[in-house]
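Nothing here was measured: the structure is a model prediction, and the numbers come from that model.
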Amino acid sequence: MRKGARLRRDKKTASPGKQVHSQDPGAKLSIPKGRRLPEPRLRPGTFWLTRIVLLRSVSFIYFVAFSVAYNQNKQLIGEHGLMPCKSYLNSVKRYVGGKIGVAALAYTPSVLWFLSWSDMDANLDGVALAGMALSGFVLVTGTANMLIMAALWVLYHSLVNVGQLWYSFGWESQLLETGFLAIFLCPLWTLSQFPRRCPPSAICIWTFRWLIVRIMLGAGLIKIRGDKCWRDLTCMDYHYETQPVPNPISYYLHRSPWWFHRFETLSNHFIELIAPFFTFMGRRMCAVNGAIQILFQVVLIISGNLSFLNWLTIVPSLSCFDDASLGFLFGSGSRRAVLEIQNEEKSGRSDKPSKGMLIRRVVNISLGVLIGCLSVPVVMNLLSSRQVMNTSFDPLRIVNTYGAFGSITKERTEVIFQGTLSADPKDPEAVWEEYQFLCKPGDVYRRPCLISPYHYRLDWLMWFAAFQTYEQSEFVIHIAGRLLSNDSTVLSLLQHNPFQGRDPPRWVRGEHFIYKFSRPGSDSAAQGKWWLRKRIGAYFPAVDLQGLRGYFQSRNWPHPHISTKTQ
């Protein structure tokens, strides 16, 4: 009886997924309703899903970058922009002998050479819209081919190479290098997420890994060699307050305890100088590095508005993960498709290499050789005690050297544009009214903005101008002249025009201030002040249109004309 009872109890409690032996050799396993066998796990070592993630990530950054271009290029490099690209192309044309040929293309690679210059604004908009359309397609579908990715690379190259000062940031070269590598992830013609005849190349995956290694080592080494505060662990005492465009989180992080700032700096050194070497220590340690780098970039995104730089740096970090690691991001259909390919490869049932596949292998090997050769000056720069950052060693910016915040400013200074309707700028009764930029600090009561990954190019350049002189940043005087005429092109780059709907100012001046965060809980914070500021002096003296005439003529800038009242 006891034995029979135990047998019946075992039958009732048998696990549904385990095999129950039966005397009937033809008996089938019975699976309770609503239960399914666990799906087989993907095997490591393949990168079909990694490719989709990389392509979607690159296309997202492209989409943001082309959106920035569409909204700001006309004001910055358009027909009536602050630095018209038509004038720049004409100067290049004169420099290379007056012809649009190989020399001109080598000096400034851009499709704008081949477009009609009668309406450069339309050309700039067309390039940006084409880039948005192509990158949007890849982002939504997760499919791409070499032609689409090459087109995106050429289009963005065309803007960067004529963007002059406005496109002088290191992340422009980083996007071009990342975009170049993405071209070789794809099949030539096919638009398929799983093109059987074009498996993701391990060489291409490693070029992405080599990119993230160089980015982080470049950033870490320039810090150690650059500013003493990175060595004595005090840089984070200043960074949140003095970075180009702080966000609301920066305000609170700045007041973190001293020991937390020391921990941040030490962590930064570990992440940038030690963790990258995990990439070469096997699959698991490579994935650990990828996770560390992604988490690090997410923290940076939260703590400040650093354009799309941190979002872009996440992209090559994703190459540290294979299909087995990224399977959780995809539905069962995509996982089954990859599993089927893996099973075919394991059983030897996969198709024999075709002529096209063999050619593709040659292309991939050539890519590896190219990146290796172009990396030589980059590695030499990393090893040099005179390391430079954010520099290209080839005209197409295929392999570059990177770095960020090699030195930290200890005080935040801002240039504030002010205008007055008074006839005499020296009149003590003159009322000076302030212009406000879209994101950079100005009004002490205005909350810091939150815009990442979007990027206001003028706001960033004004941060650099604040610790230079107006002679070193001539665009500042150009802006002043445009404000004197209520120029709608420049005013569209600002948030607040105090002379909106009124006569334009008769005088404009630049005032120089030191800005500091107010202390949370203080009387100033209770009054709604995010910032406290103290005047240093004049950044540039009061100017009027007549006084700027000679200055504008000497630089071949069109002299501003007073427009009607702005609406």
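A donor-acceptor contact closer than 3.5 angstrom is absent between the side chains of Tyr402 and Ser173. Side-chain contact, Asn305 with Ser452: no donor N or O sits under 3.5 Å from an acceptor N or O. A donor-acceptor pair shorter than 3.5 Å cannot be found between the side chains of Asn381 and Ser384.
For residues 157-190, no residue pair satisfies the disulfide bond (SG atoms under 2.5 Å apart) rule, not counting sequence neighbours. Residue pairs that meet the salt bridge (Lys or Arg N to Asp or Glu O under 4.0 Å) test with at least one member in residues 156-179, sequence neighbours left out, are Glu172-Arg457, Glu177-Arg214.
Atom CZ of Phe475 is separated from atom CE of Met83 by 6.5 Å, given to the nearest 0.5 angstrom. Rounding to the nearest 0.5 Å gives a distance of 6.5 Å between CD1 of Ile77 and CG of Leu159. For the atom pair CG (Leu155) and CG (Leu112), the distance works out to 9.5 Å, reported to the nearest 0.5 Å. Atom CG of Asp459 and atom CG of Leu494 lie 8.5 Å apart (nearest 0.5 Å). Considering CG of Leu458 and CG of Leu82, their distance stands at 7.0 Å, rounded to 0.5 Å. Expressed to the nearest 0.5 Å, how far SG of Cys204 lies from CD1 of Ile371 amounts to 9.0 Å.
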Item to check | side-chain hydrogen bond (donor to acceptor under 3.5 Å, both in side chains) between Ser325 and Asp322, intermediate numbers included | outcome: CA-CA 5 Å; Ser325 303; Asp322 57 18; 3.1 Å; yes

Item to check | Derivation of the side chain to side chain contact (heavy atoms under 4.5 Å, CB included) call for Arg196 and Ile341 | outcome: CA-CA 8 Å; Arg196 298 295 184 94; Ile341 295 173; 3.4 Å; yes

Next on the checklist: Run the side-chain hydrogen bond (donor to acceptor under 3.5 Å, both in side chains) test on Thr401 and Gln387 for me, step by step, so that the C-alpha distance in whole Å, both residues' side-chain angles and the decisive distance to 0.1 Å come before the verdict.
Outcome noted: CA-CA 9 Å; Thr401 184; Gln387 177 192 358; 5.0 Å; no

Checklist entry - How far apart are the C-alpha atoms of Ser250 and Asn247, what are their side-chain angles, what is the distance that settles it, and do they pass the side-chain hydrogen bond (donor to acceptor under 3.5 Å, both in side chains) test? => result CA-CA 5 Å; Ser250 311; Asn247 69 15; 3.0 Å; yes

Next on the checklist: Applying side chain to side chain contact (heavy atoms under 4.5 Å, CB included) to Leu134 and Phe66, what does each step give before you reach the verdict?
Outcome noted: CA-CA 10 Å; Leu134 290 174; Phe66 281 114; over 6 Å; no

Next on the checklist: Could you go through Arg533 and Asp443, starting from their C-alpha distance and side-chain angles, then the distance that decides it, and tell me whether this counts as salt bridge (Lys or Arg N to Asp or Glu O under 4.0 Å)?
Outcome noted: CA-CA 10 Å; Arg533 74 181 190 182; Asp443 181 2; over 6 Å; no

Item to check | Test side chain to side chain contact (heavy atoms under 4.5 Å, CB included) applied to Ile408 and Trp230, step by step | outcome: CA-CA 9 Å; Ile408 295 290; Trp230 286 113; 3.8 Å; yes

Item to check | Derivation of the side chain to side chain contact (heavy atoms under 4.5 Å, CB included) call for Ile479 and Leu493 | outcome: CA-CA 10 Å; Ile479 292 172; Leu493 295 171; over 6 Å; no

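Between Ser473 and Gln468, the shortest heavy-atom contact is OG-OE1, 2.8 Å. Considering all non-hydrogen atoms of both residues, Leu49 and Ser334 come closest at CD2-CB, 4.3 Å. In this structure, Glu414 and Lys440 approach most closely via the heavy-atom pair OE1-NZ, 2.9 Å. When all heavy atoms of Leu253 and Ser303 are compared, the closest pair comes out as CD1-CB, 3.5 Å. Of all the heavy atoms in Gln293 and Ile271, the pair that sits closest is NE2-O, 3.1 Å. The two atoms that bring Val378 and Leu374 nearest to each other are CG2-O, 3.8 Å, heavy atoms only.
The side-chain heavy atoms of Asn73 and Tyr167, taken from C-beta on, include a pair separated by under 4.5 Å. Between Leu176 and His157 there is a side-chain heavy-atom pair separated by less than 4.5 Å. Between Glu345 and Thr46, the closest side-chain pair of non-hydrogen atoms falls below 4.5 Å. The shortest distance between side-chain heavy atoms of Phe405 and Thr242 does not fall below 4.5 Å. Looking at Phe194 and Ile52, their side chains come closer than 4.5 Å, going by heavy atoms from C-beta outward. Residues Phe270 and Ile292 meet the side-chain proximity criterion, which asks for heavy atoms closer than 4.5 Å. Asn71 has its side chain within reach of Tyr454: a pair of non-hydrogen atoms, C-beta onward, lies under 4.5 Å apart. Proximity of Val315 to Ile61: side-chain heavy atoms (C-beta onward) are separated by under 4.5 Å at one or more points.
Within 6.0 Å of the CZ atom in Arg255, the count of heavy atoms belonging to other residues, nucleotides or ligands exceeds 12. Within 6.0 Å of CZ in Phe277 there are 12 or fewer heavy atoms belonging to other residues, nucleotides or ligands. Within 6.0 Å of CZ on Arg519 lie no more than 12 heavy atoms contributed by other residues, nucleotides or ligands.
Of the possible polar contacts, none joining the His261 side chain to the Thr234 backbone as a donor-acceptor pair under 3.5 Å is found. The backbone N or O of Pro441 sits nowhere less than 3.5 Å from a side-chain atom of Arg446 that would complete a donor-acceptor pair. No donor-acceptor pair closer than 3.5 Å links the side chain of Thr50 to the backbone N or O of Ser319. Checked by atom type and distance alone, the side chain of Ser317 never pairs as donor or acceptor with a backbone atom of Ile294 at under 3.5 Å.
Scanning for side chain to side chain contact (heavy atoms under 4.5 Å, CB included) contacts around Thr108 gives Tyr88, Leu89, Val92, Trp113, Asn161, Val162, with sequence neighbours left out. Residues passing the salt bridge (charged side-chain N to carboxylate O under 4.0 Å, His left out) test with Arg360: none are found, sequence neighbours excluded. Scored by the side chain to side chain contact (heavy atoms under 4.5 Å, CB included) test, Pro200 finds Phe47, Trp48, Arg51 as partners (sequence neighbours excluded).
Screening Phe517, Trp530, Tyr240 for a ring-ring contact (aromatic ring centres under 6.0 Å, His included) with His254, the sole residue that qualifies is Phe517. Of the candidates Trp311, Trp460, Tyr156, Trp171 forms a ring-ring contact (aromatic ring centres under 6.0 Å, His included) with just one, namely Trp460.
Checked for salt-bridge contact, Arg262 and Asp237 meet the test: a charged N lies under 4.0 Å from a carboxylate O.
Taking the centre and axis of the six-membered ring of Trp206, the NZ or CZ atom of Arg209 falls inside the cone set by 45° and 6.0 Å.
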Side-chain donor-acceptor contacts of residues 137-144 below 3.5 Å, not counting sequence neighbours, with atom names and distances?
{"residue": "Thr141", "atom": "OG1", "partner": "Phe137", "partner atom": "O", "Å": "2.8"}
{"residue": "Thr141", "atom": "OG1", "partner": "Thr143", "partner atom": "N", "Å": "3.2"}
{"residue": "Thr141", "atom": "OG1", "partner": "Thr143", "partner atom": "OG1", "Å": "2.9"}

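Ring planes of Trp153 and Phe180: tilted class, angle from 30 to 60°.
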